[in-house]
Amino acid sequence: MNIKLWIGLPLVMAAMISCKSKAKDNTQSKEKPPVAVDVIVAANSAFSSDIEVNGTVLSEEMVELHPEAGGRLTYLNIPDGARVSAGTILARVNDADLQAQLQQQKVQLELATKTEERLRKLLAVNGVDQAAYDAALSQVNLYNANINVLRAQIDKTVIKAPFAGKLGLRLVSEGAYVSTSTVIGTIQETDKVKIDFSVPESYEKLVKQGQTLHIRTNTSSDELLATVSAVEPQINTATRNIKVRARLTKGNVTPGAFVKVVLSQNIKGIVVPTNAIIPEALSSQLVLVKNGKAVFQDVETGIRTSNTVEITSGVQLGDTIVVSGVLYVRPNGNVKIKKVREK
């Protein structure tokens with residue numbers, strides 16, 4: 001064998017070993033150092049939830065006044081803003097033709113009644129057959145039925161206050177021709193008001209029948225309280241909201257006003273700072289520390305406050321949750337716990 005080959009072979013092997021050693025050193029130098037993070041330990045915590053939702057004030061009762069029969073208004077008693085008692089006559093529609101028909105039926109009834117009485121006496125002594133008497137009695141009943149129909153039609157020409165309340169603005173004048181679609185005014189029961197509002201389905205447990213709520217307005221600093229009277233049993237499939245109705249028990253608010261309804265309740269559960277949540281398109285995530293590695297965990301959230309979020313699933317008691325340095329952590333990356341925060 002060539003002596004030069006024997007001399008060069010050890011030099012080549014030494015160079016290869018040197019290159020591998022340098023490559024290994026370079027790989028080790030490229031490994032990123034662990035990210036220093038602050039963490040909390042998942043535990044049940046009590047916290048107060050204070051949420052505001054929009055509400056609308058409504059009168060306890062409110063109706064538009066429509067005539068039940070068309071015609072000319074012959075009487076109108078709708079003073080703007082006046083208070084009236086239930087049953088007060090507010091308007092009348094011309095009923096002259098109905099009154100004339102009623103009078104005609106009364107005259108015919110009187111004659112038919114006399115005929116029936118005379119035939120009844122003759123029937124008692126067999127002076128007339130039963131068929132003749134039955135026909136006379138049927139005529140009396142027919143006229144009575146016609147009179148009842150006409151009286152019902154006449155009642156429809158009279159507009160009465162359905163309940164005690166406050167009238168709105170008069171919209172027509174006496175002598176105007178009205179139809180069943182004509183609004184002649186409004187009446188509202190303003191002594192009692194109700195507040196309708198909606199809450200997201202995630203806040204369903206914050207409202208219960210009989211619960212007392214605080215109400216806020218932009219125009220008054222007085223304390224306003226309301227009591228939940230009813231909760232819609234079905235969630236709206238379009239908005240995923242639940243409709244709630246409360247009735248004002250303290251203070252005064254004008255119907256139609258915009259108010260803020262404050263929902264407050266003490267909750268016990270796993271709570272994390274808002275900045276610990278990583279929002280995703282279809283879910284939310286938290287970063288957990290397990291065996292010195294960062295694990296990204298999908299979670300479901302519940303009640304939110306200004307700086308905390310309730311975790312309803314995805315995290316177990318005792319889990320270590322990253323609350324600072326979240327942006328610098330990578331999946332399965334090395335992490336170093338710098339501080340364990342207290343809640």
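Positions are given from 1 along the sequence. All heavy atoms count here, side chains included; hydrogens, waters and symmetry mates do not.
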**Request:** Go through R120 and E116 one step at a time and tell me if the salt bridge (charged side-chain N to carboxylate O under 4.0 Å, His left out) criterion holds.
**Result:** CA-CA 6 Å; R120 177 156 36 90; E116 183 270 334; 3.1 Å; yes
Taking all atoms of both residues into account, what is the closest heavy-atom pair of [X] and [Y], and its distance?
X: F163; Y: I187; answer: O-CD1, 3.4 Å
X: V323; Y: P273; answer: CG1-CD, 3.8 Å
X: A276; Y: L286; answer: O-CD2, 3.3 Å
X: V178; Y: P67; answer: CG2-CG, 3.7 Å

**Prompt:** Quick one: does D191's side chain get under 4.5 Å of R83's, heavy atoms only?
**Reply:** yes
**Asked** Checking side-chain contact (heavy atoms from CB on, under 4.5 Å) against L288, which of D319, V335, T320, V299 comes through?
**Response**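 Going through D319, V335, T320, V299 one by one, the side-chain contact (heavy atoms from CB on, under 4.5 Å) with L288 is satisfied by D319 alone.
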**Prompt:** Checking side-chain contact (heavy atoms from CB on, under 4.5 Å) against Q105, which of V149, N148, N146 comes through?
**Reply:** N146
**Prompt:** Going through the distances and angles, do V253 and L224 end up as a side-chain contact (heavy atoms from CB on, under 4.5 Å)?
**Reply:** CA-CA 9 Å; V253 186; L224 303 174; 3.6 Å; yes
**Request:** Treating Ile, Leu, Val, Met, Phe, Trp and Tyr as nodes and any side-chain heavy-atom pair under 4.5 angstrom as an edge, say whether V35 and I337 lie in one connected cluster.
**Result:** yes
**Item:** Hydrophobic cluster identity match, I235 and Y203, side-chain contacts under 4.5 Å
**Value:**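 Yes, I235 connects to Y203 through the hydrophobic network.
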**Complete:** With sequence neighbours left out, the residues meeting salt bridge (charged side-chain N to carboxylate O under 4.0 Å, His left out) with E60 are R247
**Prompt:** Between D38 and K339, does at least one N-O distance fall below 4.0 Å, as a salt bridge requires?
**Reply:**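 A salt bridge is absent here (no side-chain N lies under 4.0 Å from a carboxylate O).
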**Asked** So, T115 side chain and L111 main chain: donor-acceptor pair closer than 3.5 Å or not?
**Response**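 Yes.
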